[in-house]
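The model shown is predicted, which means the values in this text are computed figures rather than measured ones.
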Amino acid sequence: MWGAPLGFIFLLFGVSARSGSWEPLGQPYFDNSTKRETTTAVGQPAFLHCRVRNLADRSVSWIRKRDLHILTVGVHTFSNDARFSALHADGSDEWTLRVSPAQPRDSGAYECQVSTEPKISLSFRLTVVVSKAEILSGPELFVRAGSDINLTCVTKHAPDPPSFIYWYRGDQVRAPFPATLEIIPVHLAVLNLHR
């Protein structure tokens, strides 16, 4: 008596091996393990990654939320701004919006949308920051000739710690020195000059 209804239920639903949750068979759904907040520095490329499972013959679009501008559909770009493009490898379930080079005006919400009926979408946030560097002692430091000097450079608003800090004296690079201490979101580098 219960054999037919249970068989019907198993035809409509399947178990997602990744999440262990029930997902409708044949219907697209988002892989929610994707990072949805991205920070990048001005001038660097920004990548928003959207994973869609069971896409079949549906298309993926990227929408800029502030003006509802359709940026891409599939791998085709629908923007006069050539900095926006969609990246997708055949057979992959990842659809990536690339913004390069990123500008502060690109900060905001974006939406990855699938052409189901009704449409399904997943929101992403892009933050574009202007990195700054500052020498803690100020622009001028007076010392006695032959004395040791300790200069500390602080970088702020850098999405990642810098690999190197370049120290300049006038227009000449003294040398790239490895950053010695990392405190997120502030990064420090200390230059000690000994006689």
*Asks:* Between atom CD of Gln27 and atom OG1 of Thr116, what is the distance when rounded to the nearest 0.5 Å?
*Replies:* 7.5 Å
*Asks:* What's the separation between atom OG in Ser85 and atom CG in Leu97, rounded to the nearest 0.5 Å?
*Replies:* 7.0 Å
*Asks:* Compute whether any side-chain donor of one residue and acceptor of the other, for Thr34 and His49, lie under 3.5 angstrom apart.
*Replies:* no
*Asks:* Please test Arg36 against Leu122 for side chain to side chain contact (heavy atoms under 4.5 Å, CB included), starting from the C-alpha separation and ending with a verdict.
*Replies:* CA-CA 9 Å; Arg36 294 180 41 205; Leu122 191 62; 3.5 Å; yes
*Asks:* Whether the Ser79 and Asp81 side chains hold a donor-acceptor pair (N or O, under 3.5 Å, no angle test) is what I'd like checked.
*Replies:* no
*Asks:* Does Ala109 offer a backbone N or O that forms a donor-acceptor pair with the side chain of Arg66 under 3.5 Å?
*Replies:* no
*Asks:* Start with the C-alpha gap between Trp95 and Val75, add the side-chain angles, then the distance that decides, and say whether side chain to side chain contact (heavy atoms under 4.5 Å, CB included) holds.
*Replies:* CA-CA 9 Å; Trp95 297 82; Val75 293; 4.2 Å; yes
*Asks:* Going by an N to O cut-off under 4.0 Å, is there a salt bridge joining Arg83 and Asp106?
*Replies:* yes
*Asks:* Kindly assign one of parallel, tilted or perpendicular to the pair Tyr110 and Phe84, based on the angle between their ring planes and the thresholds 30° and 60°.
*Replies:* tilted
*Asks:* Between OG1 of Thr38 and CZ of Arg125, what distance do you get to the nearest 0.5 Å?
*Replies:* 11.0 Å
*Asks:* Where is the tightest heavy-atom contact between Thr77 and Ala86, given as atom of each residue plus distance?
*Replies:* OG1-N, 4.3 Å
*Asks:* Is the shortest distance from a Lys or Arg side-chain nitrogen in Glu94 or Arg51 to a carboxylate oxygen in the other one below 4.0 Å?
*Replies:* yes
*Asks:* Would you call the rings of His76 and Phe78 parallel, tilted or perpendicular, where under 30° means parallel and over 60° means perpendicular?
*Replies:* perpendicular
*Asks:* Give a yes or no on whether Val73 and Leu71 share a hydrophobic cluster (residues Ile, Leu, Val, Met, Phe, Trp, Tyr; joining criterion: side-chain heavy atoms under 4.5 Å apart).
*Replies:* no
*Asks:* If you measure from CD on Gln44 to OG1 on Thr39, what distance do you get to the nearest 0.5 Å?
*Replies:* 13.5 Å
*Asks:* Closest approach of Cys112 and Phe124, non-hydrogen atoms and distance?
*Replies:* CB-CE1, 3.7 Å
*Asks:* Are Ile63 and Leu48 grouped together when hydrophobic residues (ILVMFWY) are joined by side-chain heavy atoms under 4.5 angstrom apart?
*Replies:* no
*Asks:* Taking Val99 as the starting point, is it possible to reach Val42 by hopping between hydrophobic residues whose side chains are less than 4.5 Å apart?
*Replies:* yes
*Asks:* In terms of hydrophobic clustering (I, L, V, M, F, W, Y; side-chain heavy atoms under 4.5 Å; direct or indirect links), are Val130 and Leu126 co-clustered?
*Replies:* yes
*Asks:* Quick check for you: to the nearest 0.5 Å, what is the distance between Cys50 atom SG and Glu111 atom CD?
*Replies:* 10.0 Å
*Asks:* Roughly how far, to the nearest 0.5 Å, is the OG atom of Ser61 from the NZ atom of Lys119?
*Replies:* 8.0 Å
*Asks:* Check the pair Leu55 / Val60 against side chain to side chain contact (heavy atoms under 4.5 Å, CB included), numbers first and verdict last.
*Replies:* CA-CA 8 Å; Leu55 186 61; Val60 173; 3.9 Å; yes
